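Scroll down for the structure; my scribbles are underneath it.
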Amino acid sequence: MKVLVIGKGGREHAIADAFHRSRRVTKIYAAPGNPGMAEFAQCVDIAAENVAELVRFAKATAIDLTVVGPEASLALGIVDAFQNAGLKIFGPTQAAAQIESSKDFAKSLMRKYGIPTAAYQTFANFDDAWGYVQKQGVPIVIKEDGLKAGKGVSVVHTMDDALAALKAAFAIADNKVVIEEYLSGFEFSLICFVCDDVVLPMEIAQDHKCAYDNDQGPNTGGMGVYSPVKTITSEMVDEAMNQIMIPAAKAMVKEGYPFTGFLYGGLMVTESGIKTIEFNARLGDPEAEVILPRLKTDIADVIENILCHQPTTLEWDSQVVLGVVMASAGYPKSATKGARITGLDQVKGKVFHMGTAICDGQLVSDGGRVLLVSAKAPTLQAAYENAYADVARIQCDALFYRHDIGKKDM
């Protein structure tokens, strides 16, 4: 079986790594891939957004299955293009990807089908949005409508911050904002393999969105993660599946946008039950890097079975996997490129490349989030200690990281 993984970040590295463990997969291509994936996959110099060239490559190479990592490719309609070419691909169509590419679409869907979420309103101009915030008060959540690469969300606690967030959002032409009530509680990620109304849950994970320790600083694409999450009970997972994930998949079918691929639920345990913070149309990043290494069932079997509406019983490693993101100084506002990285040969765990490149034979930084350093151990405490020991073995002057990943669940 020949597999094509589209994308170049840590999520795609984790997907490719899962296929590398498959007994059925003989060849993995990554487009464009990264230096970590190149250790076991053939990287192809085609951008993830170059849909026409990716279709041509997949046909010419007789790819058996393509899996899409990035949301931008999905929003461009890459799945539609592959399907039109008669190619097997795992991911949602452009219409179905609206569950992530438009926050207003997702919130409207949840309102229509009674899926628990925060109360909200959507605004297309500054004056109405600002008037609503003044009426509601703070804390409040301001979300820009479209794809924002894990950013574009402001949880504001002062009116000055709310004003600044709205001014920044409406400085972008034709932008809309979704303004939500502020929810407090314990967040977790529940990601499912989905095909139409067949929904197969993965193990849950807990992502750390804020840039700095103790959940301080700006919202990011994720600074660290672990799985499983002992705070979240099996009863809570059942509640989330029955009230959120399964109803969402069924709602998409009813709306004429059946969803296939990885459906991500960003959820929160509140005093009034579990509520939906957001849906994504693909695997979470960095969640993929700690969930997929725990998957013992062959991922090729899982995807092929669910595409045939034949769910597979998933088997999971009981050990804890914890990952620490090493990001460019200044992230999420800026990204450092070209800073030399050494010490990976000393690491005892597994490192996923999120934003790296090879320059003059040296590994260098090439993005905002650069590496995810993971460790697998019998306990969360041991995984924490091992992961941070490995972080200390990596040398780069231009990177920073949080020191408290997993602490809230210990």
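The shown structure was predicted, so the numbers you read here are calculated from the model rather than taken from an experiment.
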**Message:** Under the side chain to side chain donor-acceptor pair (under 3.5 Å) test against E180, which residue among Q121, K107, Q136 passes?
**Reply:** K107

**Request:** Determine, for Y113 and K250, whether the Lys NZ or Arg CZ falls below 6.0 Å from the six-membered ring centre while staying within 45 degrees of the axis.
**Result:** no

**Prompt:** Taking atom types as modelled, is there a side-chain donor on Q395 or T342 under 3.5 Å from an acceptor on the other?
**Reply:** no

**Prompt:** Is a side-chain N or O of R11 found less than 3.5 angstrom from the main chain of L283, in a donor-acceptor match?
**Reply:** yes

**Item:** Test item: Q83 side-chain N/O and I89 main-chain N/O as donor-acceptor pair under 3.5 Å
**Value:** no

**Message:** Does this structure show an ion pair linking K88 with D64, if we count only N-O contacts that are shorter than 4.0 Å?
**Reply:** no

**Item:** Salt bridge E100-R282, side-chain N to carboxylate O under 4.0 Å
**Value:** yes

**Asked** Has K350 got its NZ or CZ under 6.0 Å from the middle of the six-membered ring of F352, at an angle within 45 degrees of the ring axis?
**Response** yes

**Message:** Quick one: does any side-chain atom of K2 pair with a main-chain N or O of T61 as donor and acceptor, under 3.5 Å?
**Reply:** yes

**Prompt:** Should K407 and D409 count as an ion pair when the cut-off is N to O under 4.0 Å?
**Reply:** no

**Prompt:** Do E255 and K112 meet the salt-bridge criterion of a basic N to acidic O distance under 4.0 Å?
**Reply:** yes

**Message:** Cation-pi check for Y29 against K27: NZ or CZ below 6.0 Å from the six-membered ring centre and within 45 degrees of the axis, yes or no?
**Reply:** yes

**Prompt:** Is there a donor-acceptor contact under 3.5 Å from the side chain of D404 to the main chain of N214?
**Reply:** yes

**Asked** Looking at R111 and D104, does any basic side-chain N land under 4.0 Å from a carboxylate oxygen?
**Response** no

**Prompt:** Roughly how far apart are N34 CG and E39 CD, rounded to 0.5 Å?
**Reply:** 9.0 Å

**Prompt:** Is it the case that T93 and Y257 place a side-chain donor and acceptor less than 3.5 Å from each other?
**Reply:** no

**Aromatic ring pairing Y212/F400, orientation class (parallel under 30°, perpendicular over 60°, tilted between)** = tilted

